[in-house]
Amino acid sequence: MRGYVLRRLLTVIPTVLIVSVVVFLIVHLTPGDPAAMMLGDDATVEDIARLHARLGLDDPLIVQYFRWAGNVLRGDLGYSTAVTGQSVWDMISTHFLPTILLAVYSQLITILLALPLGMLAAKRRGSLTDSALSVFSMLGISLPSFMLGMGLVLLLAVQFRLLPATGYKNPFTDGWPAFFRYMSLPAVSLGFIHSAYMMRMTKASMLEVLSSDYIKMARSKGTPERAILMKHAFRNTLLTVITVIGQGFISALAGAAVVERLFGIPGMGMLMVDSIDKRDYQVIQGITLMIALLNVLINLMIDLIYGLADPRIRLK
Amino acid sequence: MSAQNPKSTVLDVRSLRTTFHTDRGPLTAVDGVSFQVHRGEILGLVGESGCGKSVTSMSIMRLYDEKYTASISGEVLLEGRNILHIPYRQMQRERGKSMAMIFQDALSSLNPVLRISEQIMEPLRIHRHMGREEARQEAIRMLGLVGIPSPQERIDCYPHELSGGQRQRVMIAIALSCQPKLLIADEPTTALDVTIQAQILDLILELNEKMDMGVILITHDLAVVAQVCHRVAVMYLGQIVEEADVEDLFDHPSHPYTRGLLQSIPHLDGGHRGELHQIEGTVPLLHQIPEGCRFAPRCPLATDRCRQGTVPLQDLGGGHMVRCLCPQEGGL
């Protein structure tokens, strides 16, 4: 197992390098001049040129890249060009927590909803329960998160006044009950699509596992149905579903931009959208890099969990 | 063997009929199969792929989903009790305890994510109510019994860490852990090398004598049958077409299908030089079962009489049964 972990960790290095180049290029090759944006409409050509020189925007791209990469390695993500004096690191770290909490919460809802329902659908395939769950998951897949979000707000916040429509509470300063009151609607709207998808994957995977020879063998040993499901089938089903959970986290981070905007949550998605509006390229670069690194980290964790769950992987 | 030395009957299958519910309507894969297995006896169930041998064994173990997949009728008497209609939970208590099964492909039949210790201890804990430590010791003893070297170390392996022959031995250990009265071995050696094949067959023979249990050995390999079985039942399209003691069957095959099967075995010692014998035509699909004798369309001896009405099994004497209107006499 140790060898497997080590090898997997080593593959992170080239991935991160490539990610950093791509992030840098995307930001620098998109049209629009950040210096012109910073100085506003009244700026003279000379002013803009001076700012260009000060920010190093006239240097060749490769020089700019290495300067930026060197700074990043030292933990310096640069300064915002829109909000004077704000370091990008500070901006990201204040917006980091809401997004991560939102993603984790929405994925928890997804998993708790999708795994048992997917297993139930597989166990009772062909029954009324199965058909009902199919309709439900079809609905989930075809419903965009902002539509569901607005629907939920209309129903639960405006009509029945059960939950607040927008806003965010920090669980560590305002307490968890407040956090859940504010975050439940966003988390459900973010997680629902993926739970429909995960449910289908769980069902398909479970059906495949249930028709396998080792399940037949387990039945021929007289293993009770419960143990067949929980001990023999669940772990093997999970092998497929772990990948789907990883994808879910990643798409939750991406989808957070829309949901944060809709519910007024001060997360990284919100920061990202604002920064794009202001062409605050240092912040865009920083957030994109952070999200990319987060993806690399999630994939790493998925692979390590895989190694724990499937003894056949460790050996190779 | 069983004929000269009658022993108590372990399994008595009477008019077993298994019908699958498919999109194309019901398909009857096993149609009126009856046979008996006695203590200490190995019964060979032989036939081409798709003749219903595996369906027969799966139906006896009741491993099909009886709600959605298949309906089974007839009687399956395990030591005199009909187990075909007992509730599912009660059936669970019989499986693994009084009847057990081993499958063709040990790699796919052992759970890849569970250690083999876990998989052998499971029936011991369920049926013999052993504690963890006791079950572990018994599992180690069983692994030794089936010839796994240094079982104390091997017991904590995962299935993929063992060789093909060892995996098959592990599966046999699991099946025999609760000393069942009946063992069903569904093509237990098909996936193995010839040398390992012989070892596994020897092991089944040895354990069959030691534990005095009835064994149904399902195979398409007549050489395997000749090597280990006491009695043989030949199946064709869901029916038994011939059943006899093994010497009797090989010396005096009566059904044209059995004769065809035996002639298809390549011989090294002269005799059938040149091209291999093959039975004309192919096995019909289950929804195209011909009327009358099911083998008639492929039979060189078929007459119009064969194509009308069902052909019953008839006793040629000495427990030799054949489903043919013009059974052949003499050797090949």
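Note that the structure is predicted; figures quoted are calculated from it, not measured. Letters A, B, ... are given to chains in the order of the sequence lines, protein chains preceding strands, and every chain is numbered from 1. Atom set for the values below is all heavy atoms of this structure, side chains included, hydrogens, waters and symmetry mates excluded.
Only the side chain of A/Leu239 comes within contact range of chain B, judged by heavy atoms closer than 4.5 Å. Of the two parts of B/Met61, only the side chain, counted from C-beta on, holds a non-hydrogen atom closer than 4.5 Å to a non-hydrogen atom of chain A. For B/Met171, the parts lying under 4.5 angstrom from a heavy atom of chain A are both the backbone and the side chain. Both the backbone and the side chain of A/Thr223 come within contact range of chain B, with heavy atoms under 4.5 Å apart.
Contact between A/Arg312 and B/His160 at its shortest, heavy atoms only, is CG-ND1, 3.2 Å. The shortest heavy-atom contact between A/Ala309 and B/Val113 is O-CG1, 3.8 Å. In this structure, A/Pro311 and B/Pro112 approach most closely via the heavy-atom pair CG-O, 3.4 Å. For B/Ile126 against A/Pro224, the heavy-atom pair with the smallest separation is CD1-CD, 3.8 Å.
By the 4.5 Å heavy-atom criterion applied to side chains, B/Pro159 and A/Tyr214 are not counted as neighbours. When side chains are defined from C-beta on, A/Lys216 does not count as touching B/Met101, because their heavy atoms never get closer than 4.5 Å. Residues A/Asp213 and B/Gln104 are not in side-chain contact: their nearest non-hydrogen atoms beyond the backbone lie 4.5 Å or more apart.
Most heavy-atom pairs under 4.5 Å with chain A: of the set B/Leu114, B/Asp105, B/Ile102, this distinction falls to B/Leu114. Interface check for chain A: of the options B/Leu110, B/Leu107, B/Ile184, B/Asp65, the most heavy-atom pairs under 4.5 Å are formed by B/Leu110. Ranked by heavy-atom pairs under 4.5 Å with chain A, the first of B/Lys97, B/His127, B/Arg93 is B/His127.
Other residues, nucleotides and ligands contribute more than 12 heavy atoms inside 6.0 Å of the CZ atom of A/Arg8. Atom CG of A/Leu10 is surrounded by more than 12 heavy atoms from other residues, nucleotides or ligands within 6.0 Å. Within a 6.0 Å radius of CD in A/Glu208, other residues, nucleotides and ligands contribute 12 heavy atoms or fewer. With a 6.0 Å radius and a threshold of 12 heavy atoms from other residues, nucleotides or ligands, A/Arg124 has its CZ atom at or below the threshold.
Judged by distance alone, with hydrogens and angles left aside, the side-chain atoms of B/Asn111 form a donor-acceptor pair with the main-chain N or O of A/His232 at under 3.5 Å. The backbone N or O of B/Gln119 sits less than 3.5 Å from a side-chain atom of A/Lys221, completing a donor-acceptor pair.
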